[in-house]
There are 2 protein chains.
Amino acid sequence: MLVNGVPYRTIWRRHEGAIAFIDQNLLPHRFAIKEATSVEEMAEAIRHMSIRGAIALGAAAAYGLELAAHRAPDTELPAALHHAATLLKQTRPTAVNIAWATDSVLEATAEATTPQELRHLLRTAVDKLVNAEIERCRRIGEHGMHIIKSLAEKKEGAPVNILTHCNAGWLGCVDYGTALAPIYVAANNGIQLHVWVSETRPRNQGSALTAWELHQHGIPYSVVTDNACGHLIQRGLVDVAFVGADRITRRGDTANKIGTYLKALACHAHGVPFYVAAPTSSFDWSSHAKPGHIPIEERSSDEVHTATGIYQGTLITVRITPEGATAWNPSFDVTPVELLSGFITEHGVFPATIEGLEELAAYAHASS
Amino acid sequence: MLVNGVPYRTIWRRHEGAIAFIDQNLLPHRFAIKEATSVEEMAEAIRHMSIRGAIALGAAAAYGLELAAHRAPDTELPAALHHAATLLKQTRPTAVNIAWATDSVLEATAEATTPQELRHLLRTAVDKLVNAEIERCRRIGEHGMHIIKSLAEKKEGAPVNILTHCNAGWLGCVDYGTALAPIYVAANNGIQLHVWVSETRPRNQGSALTAWELHQHGIPYSVVTDNACGHLIQRGLVDVAFVGADRITRRGDTANKIGTYLKALACHAHGVPFYVAAPTSSFDWSSHAKPGHIPIEERSSDEVHTATGIYQGTLITVRITPEGATAWNPSFDVTPVELLSGFITEHGVFPATIEGLEELAAYAHASS
């Protein structure tokens with residue numbers, strides 16, 4: 001997507017042995033490109049969250065293996081790749097995409113008989129993995145765009161008002177994003193729209209990252225507090241909501257960033273369609289847990305006690321609560337499938353019904 | 001209520017000609033008592049929001065007249081009071097309590113035939129007004145306490161979990177508060193409870209003021225993001241919700257701090273009782289507006305762009321959104337009466353039904 005009018009990805013091969021990436025720690029206040037020339041540098045970038053988001057992390061891990069291979073002499077190639085894979089997997093142990101990307105790239109090189117062949121297979125596998133991720137997001141965007149398009153036709157040229165939560169944009173992917181992909185594709189197709197960006201306390205991914213993405217791509221948007229979303233929906237100022245997903249159960253119940261559930265409740269109360277945009281890899285077909293029983297990650301209460309922003313050119317963290325205050329910080333919530341309209345995936349848009357989910361499961365199993 | 005174990009009011013007569021008050025601009029990071037000895041100093045304290053909240057502002061205005069009278073020689077007394085009333089009403093023109101308190105204190109002095117009698121009547125009227133406000137809040141607390149008590153009986157000693165939003169505590173009143181009054185009375189009666197404090201972006205009255213109040217009074221609480229409230233309610237961690245009100249229509253639709261509506265939706269979805277605690281003066285019996293048509297105040301979008309907290313001992317404001325970002329900041333929302341369980345007033349608890357509201361209206365008209 002565009003930054004200052006120039007197309008970017010979050011991570012890309014600048015040249016052999018050099019992987020460039022956007023340092024997301026400095027956003028939205030500073031846009032800086034960094035470079036990794038070794039797997040150690042890539043692991044460091046992942047560990048310090050310069051690169052974040054499931055899909056972007058998978059791509060970073062794949063590129064990390066490529067950097068390790070580039071530096072290793074032929075004789076040390078297998079050992080270097082083994083070491084690199086271990087190092088990458090240790091950076092963020094809960095990020096399943098890192099392990100998945102690492103394993104699948106290495107698997108693609110398993111049949112190599114010479115170092116030269118291994119290098120060739122590895123490079124091909126990395127490109128294939130990264131391009132497949134971009135293509136999945138682009139397809140989510142294409143399928144979701146049709147939802148926006150039909151709303152635009154009903155509104156006869158008035159902008160379609162779209163609510164989103166957290167950052168499910170291209171910064172967490174390689175390009176396009178998930179929940180924001182339909183918005184980018186629609187905007188690129190000349191559809192008039194306006195995005196309501198909920199700030200997403202406590203980490204403000206909405207007011208920081210989503211606002212920055214949309215701003216750079218030239219898409220009209222307004223940041224609102226998470227609290228304001230019920231009012232917006234009640235006043236008819238939201239035509240449709242798009243959110244991402246952390247994990248989706250077999251039944252369609254969707255774990256996503258804390259606050260998603262409240263927005264879905266308000267959309268449901270006012271008949272506003274609410275879509276989850278996610279690749280089919282986000283579905284856990286083996287999970288039959290009920291919404292109230294899906295385990296939810298708790299993060300440090302420091303995130304609730306504080307807020308981070310820029311002050312006189314420096315990024316600092318201020319304390320909001322009184323000294324000694326108690327806080328609790330659940331990071332995700334579960335939106336029951338009954339509140340959802342459908343799932344926007346790389347295979348199309350599937351209604352949030354038993355039949356829709358069965359059809360989607362069949363697609364997912366056929367392509368896996 | 002208690003601060004560091006000592007009972008306080010937000011504003012009180014320290015001695016003749018000296019009114020003490022808690023400077024709320026420094027809370028929750030510093031507790032400081034300031035003093036006004038002239039109506040000009042009182043007006044300044046109101047203007048700079050050292051004193052805030054409808055009921056506290058009314059008391060401050062009444063005390064402001066008393067200070068003006070104290071300083072004025074007998075010959076200039078009527079002119080001084082007239083000037084003081086004008087000055088006080090100009091401090092925050094939309095705060096109806098200031099005008100109401102000023103007018104009712106002056107009205108009580110109308111029949112005075114000597115300066116001495118005027119001083120006596122004025123002083124009596126100020127005490128009467130302030131004590132009546134405290135008594136109304138205390139009664140709200142008593143009536144609401146019974147709701148908590150019956151929940152406590154069902155829970156057989158396990159703490160009753162109460163959700164509140166924004167700050168409807170004693171800091172905005174003279175003592176007790178409105179939504180927090182039942183909590184204080186219940187705690188003082190030895191009922192086990194725990195309060196979920198939603199931070200209340202963008203101004204964080206929850207994480208700053210409500211957390212401070214409860215902390216000082218020794219009541220167990222946890223601050224959560226506004227986003228977390230749906231999750232808490234879904235997981236059965238909330239037994240009842242108490243909020244204040246900015247204004248309530250004839251039908252019972254309640255305008256309150258932005259974010260109230262989302263919490264009420266979630267409580268309703270999970271059968272959690274949701275009460276509005278407010279004096280009957282908050283009801284506008286002439287308003288028949290539908291929830292979607294009640295005018296809502298918009299405040300500066302700067303509140304959304306920023307967060308304020310303490311950093312290395314100094315209160316500063318950091319910028320969260322990217323430079324040039326667009327934001328919108330509606331400050332209140334309307335919760336339709338259908339989502340409410342009842343109204344806790346100084347006259348008792350009235351169900352949020354047509355009959356309940358008619359009964360309440362009759363009480364209010366009888367006592368006005």
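Every value quoted in this text rests on a predicted model; they were computed, and no experiment measured them. Each chain gets a letter, A, B and so on, in the order the sequences are listed, and its residues count up from 1. As a basis for the values below, the full set of heavy atoms in this structure was taken, side chains included, without hydrogen atoms, waters or symmetry mates.
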The interface call for B:Pro220 against chain A, heavy-atom contacts under 4.5 Å, is neither
Pairs of heavy atoms under 4.5 Å with chain B: top-ranked of A:Leu27, A:Thr260, A:Val334 | A:Val334
Comparing B:Asn204, B:Leu315, B:Ile233 against chain A, the one with the most heavy-atom pairs below 4.5 Å turns out to be B:Asn204
Would you mind checking which part of B:Val197 comes under 4.5 Å of any heavy atom in chain A, side chain (CB onward), backbone (N, CA, C, O), both or neither?
-> neither
Chain B contacts, top residue of A:His293, A:Glu323, A:His165, A:Glu199 (heavy-atom pairs, under 4.5 Å) | A:Glu199
Which region of B:Thr308, side chain (C-beta onward) or backbone (N, CA, C, O), has a non-hydrogen atom less than 4.5 Å from a non-hydrogen atom of chain A, or is it both or neither?
-> backbone
Which region of B:Leu339, side chain (C-beta onward) or backbone (N, CA, C, O), has a non-hydrogen atom less than 4.5 Å from a non-hydrogen atom of chain A, or is it both or neither?
-> neither
Minimum heavy-atom distance B:Ile320-A:Ser207, with the two atoms named | CG2-OG, 3.3 Å
Between B:Thr314, B:Val304, B:Thr335, B:Thr306, which has the largest tally of heavy atom pairs under 4.5 Å with chain A?
-> B:Val304
Contact winner vs chain B - A:Gly324, A:Gly236, A:Gly206, heavy-atom pairs under 4.5 Å = A:Gly324
State the OH-CG distance between A:Tyr261 and B:Asn227, to the nearest 0.5 angstrom.
-> 14.0 Å
Ranking A:Gly292, A:Pro336, A:Cys229, A:Ser222 by heavy-atom pairs under 4.5 Å to chain B gives rank one to A:Gly292
Within-4.5 Å side-chain heavy-atom neighbours: B:His29 and A:Pro322 | no
Specify the closest pair of heavy atoms between B:Ala269 and A:Leu265, including all atoms of both residues, with the distance to one decimal.
-> CB-CD2, 3.9 Å
Given B:Gln234, B:Lys257, B:Lys263, the one with more heavy-atom pairs under 4.5 angstrom with chain A than any other is B:Gln234
To the nearest 0.5 angstrom, please state how far the CG atom of B:Leu232 sits from the CD1 atom of A:Ile258.
-> 7.5 Å
With the side chain counted from C-beta on, respond yes when B:Leu262 and A:Asp226 share a heavy-atom pair under 4.5 Å apart, and no when they do not.
-> no
Name the option with the most non-hydrogen atom pairs under 4.5 Å to chain B; the candidates are A:Asp333, A:Thr317, A:Thr225.
-> A:Thr225
Closest heavy-atom pair, B:Val318 versus A:Tyr311, reported as atoms and distance to 0.1 Å, is CG1-CB, 4.0 Å
Interface check, chain B: of A:Val224, A:Ile310, A:Ile296, most non-hydrogen pairs under 4.5 Å belong to A:Ile310
Search all heavy atoms of B:Thr321 against all heavy atoms of A:Pro28 and return the closest pair with its distance.
-> C-CG, 4.2 Å
Any side-chain heavy-atom pair of B:Trp196 and A:Trp328 under 4.5 Å | yes
In terms of heavy-atom proximity below 4.5 Å to chain A, should B:His194 be classed as side chain, backbone, both, or neither?
-> neither
Within a reach of under 6.0 Å around CD of A:Gln192, are more than 12 heavy atoms found that belong to other residues, nucleotides or ligands?
-> no
Distance from B:Arg201 atom CZ to A:Ser198 atom OG, nearest 0.5 Å?
-> 12.0 Å
Chain A shares the most heavy-atom pairs under 4.5 Å, among B:His215, B:His305, B:Arg235, B:Gln312, with B:Arg235
